[in-house]
Amino acid sequence: VACWGTNNDGQLNPPLGNYVSIDGGYRHFCALTIAGDVKCWGNNNKGQTTVPQTNDIYSEVSMGNYHSCALRESDGYVRCWGKWDNDSTNNQSNGGPYKSLSGGGNYYHCGILYGDRYRCWGDNSNFYNSMSNSSTNYQSARPKLGPFISIETSRHDHVCAVRRDLTPVCWGGNNSSGKLKIPQLD
């Protein structure tokens with residue numbers, strides 16, 4: 001692993017190893033080793049680089065700003081550690097098993113379940129799971145439910161996904177800067 005940029009929290013100093021994937025949060029990184037272990041480094045002010053000591057083997061890592069998650073290979077369930085931006089520790093996934101994860105932002109994390117449905121969890125997960133909010137500050141987006149093949153979360157307040165028919169859809173936070181509007185391709 002090679003890292004570059006600002007190194008004020010040791011985020012440029014990965015532990016030696018052979019890695020198959022890597023993901024980054026806010027000033028921290030976690031990587032998946034060939035053996036399925038997770039190694040994290042960088043800022044640990046909320047416990048985001050303190051990987052729980054278990055015998056689990058993982059198939060994927062996924063970071064939020066101050067929390068980290070990994071997908072257990074044995075059963076598709078998720079283990080998370082660290083905290084949401086508001087210091088809540090409600091960072092365990094709701095249900096499973098999951099096929100894949102998407103790095104959460106400040107307060108949430110999302111994943112694709114088997115059956116190609118999605119689920120989000122965290123302090124604002126009810127909003128991201130219901131895909132609507134009556135507040136005038138938020139776009140009321142009600143995409144046709146899945147099946148989904150991928151999902152990607154922003155670092156703040158919205159989610160986009162690709163359905164099995166390859167059409168994109170976005171929902172979540174306010175539509176400032178057009179972040180929920182999907183452009184038409186020619």
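A donor and an acceptor atom, one from each side chain of Thr49 and Asn43, are nowhere located under 3.5 Å apart. In the model, Thr167 has a side-chain atom that pairs as donor or acceptor with a side-chain atom of Asp165 under 3.5 Å. His28 and Ser68 share a donor-acceptor pair across their side chains, judged by distance under 3.5 Å alone.
With sequence neighbours left out, Asp9 forms a salt bridge (charged side-chain N to carboxylate O under 4.0 Å, His left out) with Arg27.
Panel note: side chain Glu73, backbone Leu71; no donor-acceptor pair is recorded below 3.5 Å. Within the 3.5 Å criterion, the main-chain N or O of Pro52 finds no donor-acceptor partner in the side chain of Trp81.
A cation-pi arrangement is absent between Lys83 and Tyr66 under the rule of less than 6.0 angstrom and at most 45 degrees off the ring axis.
Looking at heavy atoms from C-beta onward, Arg117 lies out of side-chain contact with Pro147 at the 4.5 angstrom threshold. By the 4.5 Å heavy-atom criterion applied to side chains, Tyr98 and Tyr77 are not counted as neighbours. Inter-residue side-chain proximity for Pro97 and Asp75 is flagged as unmet; no heavy-atom pair is nearer than 4.5 Å. Taking 4.5 Å as the limit, every side-chain heavy atom of Cys160 sits out of range of all side-chain heavy atoms of Pro168. The side-chain heavy atoms of Leu32 and Val38, taken from C-beta on, include a pair separated by under 4.5 Å. Residues Asn44 and Thr50 form a side-chain contact, since some pair of their non-hydrogen atoms from C-beta on lies under 4.5 Å apart.
Atoms OG and CZ, from Ser102 and Phe148 in turn, are 12.5 Å apart once rounded to the nearest 0.5 Å. Atom CG in Leu12 sits 7.5 Å away from atom OG1 in Thr6 (nearest 0.5 Å). Rounded to the nearest 0.5 Å, atoms SG (Cys110) and CZ (Arg119) are 11.0 Å apart. How far NE2 of His67 is from SG of Cys30: 10.5 Å, rounded to the nearest 0.5 Å. Atom-to-atom distance recorded for Met63:CE and Cys80:SG is 8.5 Å, nearest 0.5 angstrom.
More than 12 heavy atoms of other residues, nucleotides or ligands lie within 6.0 Å of CG in Asn8, so this atom counts as buried by the packing criterion.
Across every non-hydrogen atom of Lys39 and Pro15, the tightest pair is CB-CG, 3.9 Å. When every heavy atom of Tyr58 is checked against every heavy atom of Ala70, the shortest pair comes out as CD2-CB, 3.3 Å. The shortest non-hydrogen separation linking Arg72 to Asp56 is CD-OD2, 3.2 Å. When all heavy atoms of Gly96 and Leu113 are compared, the pair lying nearest together is CA-CD2, 3.6 Å. Of all heavy-atom pairs between Val51 and Cys40, the closest is CG2-SG, 3.5 Å. Smallest separation of non-hydrogen atoms from Asn13 and Asn7: ND2-ND2, 3.4 Å.
In the hydrophobic clustering (ILVMFWY side chains linked at under 4.5 Å, chained through shared members), Tyr19 is joined by Val1, Ile22, Phe29, Trp41. Hydrophobic cluster membership for Leu166: Ile149, Val162 (Ile, Leu, Val, Met, Phe, Trp, Tyr linked by side-chain heavy atoms under 4.5 Å, directly or transitively).
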Could you check Asp116 against Arg163 for salt bridge (charged side-chain N to carboxylate O under 4.0 Å, His left out), going step by step and ending with a plain yes or no?
CA-CA 9 Å; Asp116 298 332; Arg163 295 183 185 117; over 6 Å; no
Check the pair Cys69, Arg79 against side chain to side chain contact (heavy atoms under 4.5 Å, CB included), reporting the backbone distance first and the verdict last.
CA-CA 6 Å; Cys69 296; Arg79 182 176 305 278; over 6 Å; no
Apply the test side chain to side chain contact (heavy atoms under 4.5 Å, CB included) to residues Thr33 and Val20: give CA-CA distance (whole Å), side-chain angles for both, the deciding distance (0.1 Å), then the verdict.
CA-CA 6 Å; Thr33 69; Val20 294; over 6 Å; no
